[in-house]
Amino acid sequence: MNKKNTPKLPTFEKSAKSYLDNTQLRRNIGHATQTIRGKRAGVVHELADWEELREAGSRIKAEVMNNLDQYLLQLEASVQKAGGTVHWAADGDEANRIITSLIKEKGETEVVKVKSITTDEIRLNDALKQEGITALETDLAELIIQLAGDEPSHILVPAIHKNRSEIRDLFRKKLNIEELSDEPAHLAEAARLYLRKNFLKAKVGISGGNFAVAETGTVAVVESEGNGRMCTTLPDTLISILGIEKIIPRWQDFEVFMQLLPRSSTAERMNPYNTFWTGTSPGDGPQEFHLVLLDNGRTNVLADETGRQTLHCIRCSACLNVCPVYERTGGHAYHSVYPGPIGAILTPQLRSPNDESAASLPYASTLCGACYEVCPVKINIPEVLVHLRGKVVNHQKKTGGIKQKTNPTHIGMKIMANAFRSRKKYERLQKMGRIGQKLFVKDGTISRLPGELSNWTAIRDLKPVPDQTFREWWRERS
Amino acid sequence: MVEGTIMSDSKETILNRVKKALGREDDDKTTTFKSAEIKRNYQQKSDLNREEILQQFAERVSEYRAVTEQIIEGELAGKILQICKNEGVEKLVIPPGLETGWTEGLSGSVSILRDEPEPLSKEELNASDAILTGCFLGVAQTGTIVLNAGPGQGRRALTLLPDFHICVVKQEQIVGIFPEAIRSLEETVRESARPVTMISGPSATSDIELNRVEGVHGPRKLHVLIIT
Ligand code: SF4
């Protein structure tokens with residue numbers, strides 16, 4: 001992440017408390033996540049081969065990560081062959097510099113932009129502003145966020161924390177519209193009119209991308225509103241920035257990801273618009289195309305064999321919508337452009353181990369496993385969470401004194417991390433727990449643990465290990 | 001150019017970081033490029049029959065709140081005229097290569113804007129009322145229309161700026177499920193590198209309290225005519 005611009009952020013535990021008190025926010029988020037959750041389950045159920053698709057998606061992404069250097073070179077060659085230019089950015093600052101200089105070369109001071117978390121990650125808009133360039137966000141939600149000077153709170157619906165009357169007031173003030181109701185259709189119409197003028201005159205468009213195909217150089221933007229189509233079609237120059245993990249090997253792989261993504265994301269069979277472009281096409285769309293490939297910490301994630309799977313993420317946000325912690329705290333408590341379960345594993349790996357706010361994120365979970373179940377590319381988020389907790393603990397031990405070294409929580413996390421790695425070990429630990437817990441179970445819950453472990457139960461009740469686990473029951477049954 | 005050197009340095013940096021992360025030697029340029037076998041044991045073809053595929057396409061397109069009608073080819077020109085009248089279309093854009101028969105009935109009542117020999121300007125497109133196109137494919141399972149900038153479809157801006165899209169889909173263009181569509185597009189992408197646009201219903205947003213609202217930036221109305 002961009003070190004220079006990142007002030008010291010509070011830990012998740014601290015900020016979660018204040019968000020828990022914000023009932024309006026909680027109501028908005030709760031309504032939204034529940035709605036999408038239900039819809040998603042419906043459309044996923046429709047596909048009898050969902051598990052096979054997930055498995056294929058997971059394997060394709062693993063293939064990409066294990067050969068990433070080769071695929072990056074292949075992608076570069078394909079994009080060049082199709083008439084595009086490829087730029088490599090080792091970190092956010094470099095990406096910002098590249099994009100700024102490309103815009104300046106065109107002599108432009110205004111660009112249109114389609115929602116991209118990657119550009120939020122590197123704070124591109126701020127960097128452009130410092131150079132006198134205005135980047136106009138064109139997603140309805142991003143426009144709302146931008147006008148309000150706010151931060152996005154959900155990957156997919158960034159303005160999920162704002163309700164209609166808040167949005168109406170904002171538009172009245174910032175877009176100078178006096179007569180405006182709080183009907184969503186009227187609000188959308190106001191945004192449409194405001195943005196259309198800008199689309200027509202924009203010379204440079206900026207986008208992220210959901211996928212880039214190594215074999216053909218094709219970049220894909222998956223969206224609902226059509227502003228993605230506007231930004232990637234109307235300007236003379238298009239600059240797209242993608243993290244190096246967004247590669248898929250072959251065009252054919254879209255048959256997997258284009259089934260997984262929309263159903264997991266907006267919970268639709270297919271989202272309204274998908275745009276796929278391959279370099280430049282004479283007479284159709286931008287005649288100049290730049291692809292910026294961004295590392296910014298991703299190779300650190302790649303280097304960790306357990307953490308590597310984090311890079312499979314296709315940013316569908318399904319894990320946010322099922323997360324009991326996210327549902328109660330909302331996205332802002334994560335202090336990162338990547339909230340929810342995926343944020344809890346991605347942010348700490350992208351940032352420095354000394355970043356306390358990021359290091360608190362692997363604890364922003366109850367390890368209930370719902371995220372893993374819905375993840376369309378089968379990222380084992382609980383496994384990575386526990387692994388990262390182990391890493392945080394190790395880091396604290398290295399940098400802390402003797403007290404840190406003998407802290408039972410730290411030792412416990414290490415045992416857990418180890419146990420989550422194999423089923424045998426996990427089940428053995430369960431058996432041990434079943435014997436050990438006898439002393440503490442009361443009315444079916446454990447509400448007080450002894451000694452150092454009392455910190456854990458001071459804020460939560462524990463479910464004891466059941467007499468028979470699901471796995472044991474299943475084995476017995478079959 | 002200074003950037004030039006910075007950029008190529010970063011390319012080396014990133015590639016070396018990747019190799020190091022994967023446990024390869026820094027100067028190992030000979031790494032074999034093996035792509036692991038991906039098991040594709042998900043469904044490759046729809047198990048519905050032609051009639052069912054057609055019905056599914058019609059149903060699922062309508063579920064996106066697009067208007068869908070099934071008609072026979074002979075009725076098409078009359079239908080298009082009727083739609084233009086009903087919707088108050090005065091200026092209709094048509095792409096190069098559109099079947100001439102489709103617009104036969106329009107002369108006199110609707111003025112036709114052609115994107116050739118000179119392409120229409122963005123302003124002209126923006127001031128038009130509707131666009132009439134064919135398509136490359138329809139996908140029944142998802143109710144999706146696929147455009148590949150081929151004849152009768154035109155460049156991307158044509159189906160983007162007008163507020164109303166009338167799209168004609170021939171029965172034989174409809175495939176069952178997504179993998180079938182992706183495979184049919186291989187040639188478009190590999191050989192001619194043409195852009196592909198997939199449309200599933202009119203433009204929409206759910207950004208305000210998750211209420212679906214049709215039409216933010218793309219065409220707010222989509223009318224699909226299926227020739228049976
Ligand atoms: S981790 Fe999985 S579920 Fe979460 S956003 Fe990424 S792909 Fe979706």
Side-chain angles (χ1 to χ4, degrees), chain A residues 32 35 49 52-53 56 59-60 63 67-70 82 87-90 94 101 140-141 157 159 163-164 167 184-185 187-188 191-192 200 216 218 224-227 229-230 233-234 249 251-252 254-255 258-259 269-279 281 283-285 295 299 302-303, chain B residues 3 6-7 10-11 13-15 17-22 31 33 35-36 38-43 60 119 122-123 126 141-144 149 155-157 160 178-179 182-183 185-186 189-190 193-211 213 215-218:
Chain A
T35 312
D49 56 348
E52 284 77 16
L53 287 166
R59 280 175 192 239
I60 293 168
E63 175 197 348
N67 299 281
L68 191 57
D69 50 340
Q70 307 288 341
H87 309 261
W88 302 71
E94 187 176 12
S101 74
L140 182 51
V157 262
N163 65 23
R164 58 176 85 188
I167 298 169
L187 296 171
R192 176 187 174 94
L200 292 174
T216 59
T218 310
S224 296
E225 297 178 9
N227 58 316
R229 292 177 73 193
M230 294 277 176
T233 307
L234 297 180
W251 169 261
Q252 194 199 346
F254 278 124
E255 69 187 26
M258 291 312 299
Q259 297 199 72
R269 293 190 182 110
M270 190 54 63
N271 48 288
Y273 297 133
N274 302 314
T275 303
F276 306 82
W277 70 96
T278 307
S281 310
D284 188 347
D295 179 355
T299 44
L302 190 71
Chain B
E3 270 83 13
I6 295 173
M7 278 185 254
S10 289
K11 176 176 168 183
T13 310
I14 294 174
L15 290 174
R17 285 179 188 166
V18 171
K19 283 184 194 160
K20 203 167 149 238
L22 295 173
T31 332
F33 184 46
S35 76
I38 304 296
K39 270 199 242 138
R40 298 186 189 270
N41 47 8
Y42 46 85
Q43 210 179 338
R60 299 217 160 155
K122 290 177 205 170
E123 288 69 25
N126 195 42
Q141 184 190 37
T142 56
T144 303
R155 59 193 170 101
R156 285 171 287 173
L160 182 58
F178 223 74
I182 292 293
R183 278 167 209 198
L185 283 162
E186 288 263 350
V189 178
R190 268 178 213 272
R194 286 204 306 264
V196 173
T197 305
M198 296 183 183
I199 299 173
S200 307
S203 152
T205 182
S206 300
D207 278 347
I208 302 168
E209 296 180 2
L210 289 189
N211 281 303
V213 174
V216 194
H217 302 300

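Just so it is clear: chains get the letters A, B, ... in the order the sequence lines come, proteins before strands, and each one is counted from 1.
Taking B:N41, B:T144, B:V18 one by one and counting their heavy-atom pairs under 4.5 Å with chain A, the maximum is reached by B:V18. For the set B:L160, B:L15, B:V189, B:I199, the entry with the most heavy-atom pairs within less than 4.5 Å of chain A is B:L160. If you tally non-hydrogen atom pairs under 4.5 Å between each of A:G226, A:A90, A:P272 and chain B, the highest count goes to A:P272. Chain B forms the most heavy-atom pairs under 4.5 Å with one residue out of A:Q252, A:R192, A:M230, and that residue is A:R192. Ranked by heavy-atom pairs under 4.5 Å with chain B, the list A:T216, A:L187, A:L53 is led by A:L53. Comparing B:R40, B:R155, B:H217 by heavy-atom pairs within less than 4.5 Å of chain A, the highest count is held by B:H217.
Under a 3.5 Å cut-off, the side chain of B:S203 and the backbone N or O of A:E225 do form a donor-acceptor pair. Using a distance-only test at 3.5 Å, with no hydrogens or angles considered, no donor-acceptor pair links the side chain of A:W88 to the main chain of B:I14.
With a 4.5 angstrom heavy-atom cutoff, B:P119 does not touch chain A via any of its atoms. Of the two parts of B:A157, the backbone and the side chain both hold a non-hydrogen atom closer than 4.5 Å to a non-hydrogen atom of chain A. Both the backbone and the side chain of B:T197 come within less than 4.5 Å of a heavy atom in chain A. Heavy atoms of A:S224 lying under 4.5 Å from chain B belong to its backbone as well as its side chain.
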- Message: Is there a side chain to side chain contact (heavy atoms under 4.5 Å, CB included) between B:L185 and A:F254? Walk through the geometry before answering.
- Response: CA-CA 11 Å; B:L185 283 162; A:F254 278 124; over 6 Å; no
- Assess whether side chain to side chain contact (heavy atoms under 4.5 Å, CB included) is satisfied between A:R229 and B:R156, documenting all intermediate values. CA-CA 8 Å; A:R229 292 177 73 193; B:R156 285 171 287 173; 5.6 Å; no
- Task: I would like to know whether B:R194 and A:W277 meet side chain to side chain contact (heavy atoms under 4.5 Å, CB included); could you show each step before the answer?
- Result: CA-CA 7 Å; B:R194 286 204 306 264; A:W277 70 96; over 6 Å; no
- Query: side chain to side chain contact (heavy atoms under 4.5 Å, CB included) between B:R183 and A:E255: does it pass, once the steps are laid out?
  - Reply: CA-CA 8 Å; B:R183 278 167 209 198; A:E255 69 187 26; 2.7 Å; yes
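Residues A:T275 and B:P195 form no side-chain contact, since every pair of their non-hydrogen atoms from C-beta on lies 4.5 Å or further apart. In this structure, A:W251 and B:I182 have side chains that are in contact, with non-hydrogen atoms separated by less than 4.5 Å. A heavy-atom distance below 4.5 Å is not found between the side chains of B:S200 and A:R269. Using a 4.5 Å heavy-atom cutoff, the side chains of A:M270 and B:F178 are in contact. Contact annotation: the side chain of A:N227 never approaches that of B:V216 to less than 4.5 Å [non-hydrogen atoms, C-beta and beyond].
The existence of a salt bridge linking A:D69 and B:K19 is excluded, since no basic side-chain nitrogen approaches an acidic carboxylate oxygen closer than 4.0 Å.
Interatomic distance, B:L22 CG to A:N67 CG, rounded to the nearest 0.5 Å: 8.0 Å. Atom-to-atom distance recorded for B:T13:OG1 and A:D295:CG is 9.0 Å, nearest 0.5 angstrom.
A:L234 and B:K122 get closest at one heavy-atom pair: O-NZ, 3.1 Å.
Counting only N and O atoms by type, the side chains of A:Q259 and B:Y42 include no donor and acceptor under 3.5 Å apart.
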